[in-house]
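Ligands are counted one by one from 1 in listed order, and the atoms in each one are counted from 1 as well.
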Amino acid sequence: MIQRTLVLLKPDAVQRQLVGRIIERFEWVGLKIVGMKMVWADKEFAKKHYAEHVGKPFYKFLEEMITEGPVVAMVLEGVDAVPVVRKIVGSTEPSKALPGTIRGDFAMHSYEHADSKKSAVKNLVHASDSEESAKREISIWFSSSELFEYSTVHEKHVF
Ligand code: GDP
Ligand code: MG
């Protein structure tokens with residue numbers, strides 16, 4: 001099924017200058033970038049994006065992390081894009097994320113270390129976790145005029 005999903009290159013990814021190397025991984029598999037921009041979110045916007053985590057013990061750290069600098073926000077489209085992007089991103093805790101995933105290859109933070117430093121787990125990327133959250137998150141971050149339809153070579157030669 002063709003799906004759309006929201007990806008954020010969080011402030012740690014932008015500040016570590018990993019933007020190109022991260023986006024490349026999504027392009028490798030043929031996911032199509034249908035929207036992309038740089039945004040510096042404020043606290044109110046963070047609460048909307050991370051609504052499911054507001055009130056959790058680590059929420060304050062999460063809010064500080066996501067608002068500490070600009071993010072690169074993008075919408076990716078492709079076959080089963082929601083689970084495929086989560087697979088490419090890897091599991092939440094970088095110390096456990098498999099090599100070959102973005103979090104496994106470019107980060108090493110653990111929950112324990114992050115909590116002891118009063119920081120969110122620095123894992124570089126946000127990716128929607130279900131089709132339902134993808135729809136909600138895309139509508140928060142992008143207006144319909146910021147999303148585009150066009151053909152990639154994958155649609156012409158690979159599918
Ligand atoms: P994700 O969907 O894989 O990003 O994970 P979640 O939606 O569960 O959590 C959102 C973000 O909050 C994660 O990417 C981490 O940056 C951070 N986070 C999640 N759980 C913890 C935790 O137990 N401690 C800390 N310090 N940060 C956490
Ligand atoms: Mg999540």
Side-chain angles (χ1 to χ4, degrees), residues 1 3-29 31 33-142 147:
M1 199 181 27
Q3 294 179 328
R4 285 182 169 187
T5 190
L6 181 85
V7 168
L8 303 178
L9 309 192
K10 298 198 272 196
D12 52 330
V14 175
Q15 289 165 21
R16 289 182 55 197
Q17 301 185 282
L18 292 172
V19 169
R21 274 181 282 180
I22 292 173
I23 294 176
E24 174 182 65
R25 293 182 171 222
F26 300 119
E27 290 193 315
W28 282 346
V29 301
L31 285 156
I33 300 168
V34 296
M36 184 158 72
K37 60 184 173 183
M38 202 171 209
V39 180
W40 194 325
D42 62 17
K43 288 183 176 187
E44 195 186 329
F45 194 77
K47 282 194 179 71
K48 269 210 260 179
H49 172 69
Y50 279 129
E52 63 176 313
H53 297 307
V54 174
K56 291 187 184 170
F58 62 85
Y59 181 73
K60 193 170 163 280
F61 312 148
L62 187 52
E63 188 178 78
E64 273 166 18
M65 180 273 288
I66 202 70
T67 59
E68 80 162 65
V71 306
V72 173
M74 67 185 104
V75 177
L76 298 176
E77 182 183 289
V79 177
D80 296 337
V82 173
V84 165
V85 165
R86 293 283 295 191
K87 177 191 72 173
I88 293 168
V89 168
S91 56
T92 305
E93 190 176 20
S95 63
K96 304 263 165 48
L98 293 175
T101 65
I102 293 165
R103 288 166 170 172
D105 285 349
F106 295 118
M108 62 184 175
H109 233 191
S110 67
Y111 289 129
E112 195 186 1
H113 181 77
D115 289 344
S116 76
K117 292 278 183 184
K118 300 194 183 310
S119 143
V121 172
K122 291 192 178 161
N123 56 14
L124 303 167
V125 180
H126 167 83
S128 307
D129 63 6
S130 67
E131 202 171 10
E132 197 189 354
S133 20
K135 287 201 175 109
R136 190 188 74 83
E137 292 170 1
I138 290 168
S139 72
I140 294 174
W141 286 87
F142 287 86
L147 299 172

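- In this structure, the protein non-hydrogen atom closest to atom 23 (O) of ligand 1 is Tyr111 CD2, 3.5 Å.
- One finds no salt bridge joining Glu132 and Arg136 here, because no Lys/Arg side-chain nitrogen approaches an Asp/Glu carboxylate oxygen to under 4.0 Å.
- Given atom 13 (C) of ligand 1, the protein heavy atom at minimum distance is Asn123 ND2, 3.6 Å.
- Between Val121, Asp115, Ile66, Asp129, it is Val121 that holds the heavy atom closest to atom 15 (C) of ligand 1.
- Note: Trp141 and Phe45 have perpendicular aromatic rings, judged against thresholds of 30 and 60 degrees for the angle between ring planes.
- Not a single donor-acceptor pair under 3.5 Å links the side chain of Asn123 to the backbone N or O of Glu93.
- Scanning all protein heavy atoms for the shortest distance to atom 18 (N) of ligand 1 gives Phe58 CE1, 3.6 Å.
- Ligand 1 lies nowhere less than 4.0 angstrom from a heavy atom belonging to Ser91.
- Assignment of Leu62 to the shell around ligand 1 is supported, since a heavy atom sits closer than 4.0 Å.
- The shortest separation from a heavy atom of Arg86 to ligand 1 is under 4.0 Å, placing the residue in contact.
- The atoms of ligand 1 that sit less than 4.0 Å from any heavy atom of His53 are 6 (P), 7 (O), 8 (O), 9 (O), 10 (C).
- Applying the 6.0 Å contact sphere to NZ of Lys117 captures no more than 12 heavy atoms from other residues, nucleotides or ligands.
- For Met38, the CE atom is densely surrounded, since the number of other residues' heavy atoms within 6.0 Å is greater than 12.
- Judged by distance alone, with hydrogens and angles left aside, the side-chain atoms of His109 form a donor-acceptor pair with the main-chain N or O of Lys122 at under 3.5 Å.
- Remark: distances from the non-hydrogen atoms of Lys118 to ligand 1 are all 4.0 Å or more.
- In summary, the atoms of ligand 1 found under 4.0 Å from a heavy atom of Arg103, numbered by their order in the structure, are 1 (P), 3 (O), 4 (O), 14 (O).
- Counting only heavy atoms from C-beta outward, the side chains of Tyr111 and Thr92 approach each other to under 4.5 Å.
- Considering each of Thr92, Leu124, Val125, the one bringing a non-hydrogen atom nearest atom 5 (O) of ligand 1 is Thr92.
- More than 12 heavy atoms of other shown residues, nucleotides or ligands fall within 6.0 angstrom of atom CD in Gln15.
- Contact atoms of ligand 1 toward Lys10: 14 (O), 16 (O) (distance under 4.0 Å to a heavy atom of the residue).
- Annotation for ligand 1: atoms under 4.0 Å from non-hydrogen atoms of Ala114 are 26 (N).
- By the criterion of a heavy-atom distance under 4.0 Å, the backbone of Ser119, and not its side chain, is placed next to ligand 1.
- With hydrogens and angles disregarded, a donor-acceptor distance shorter than 3.5 Å links the side chain of Asp105 to the backbone of Gly100.
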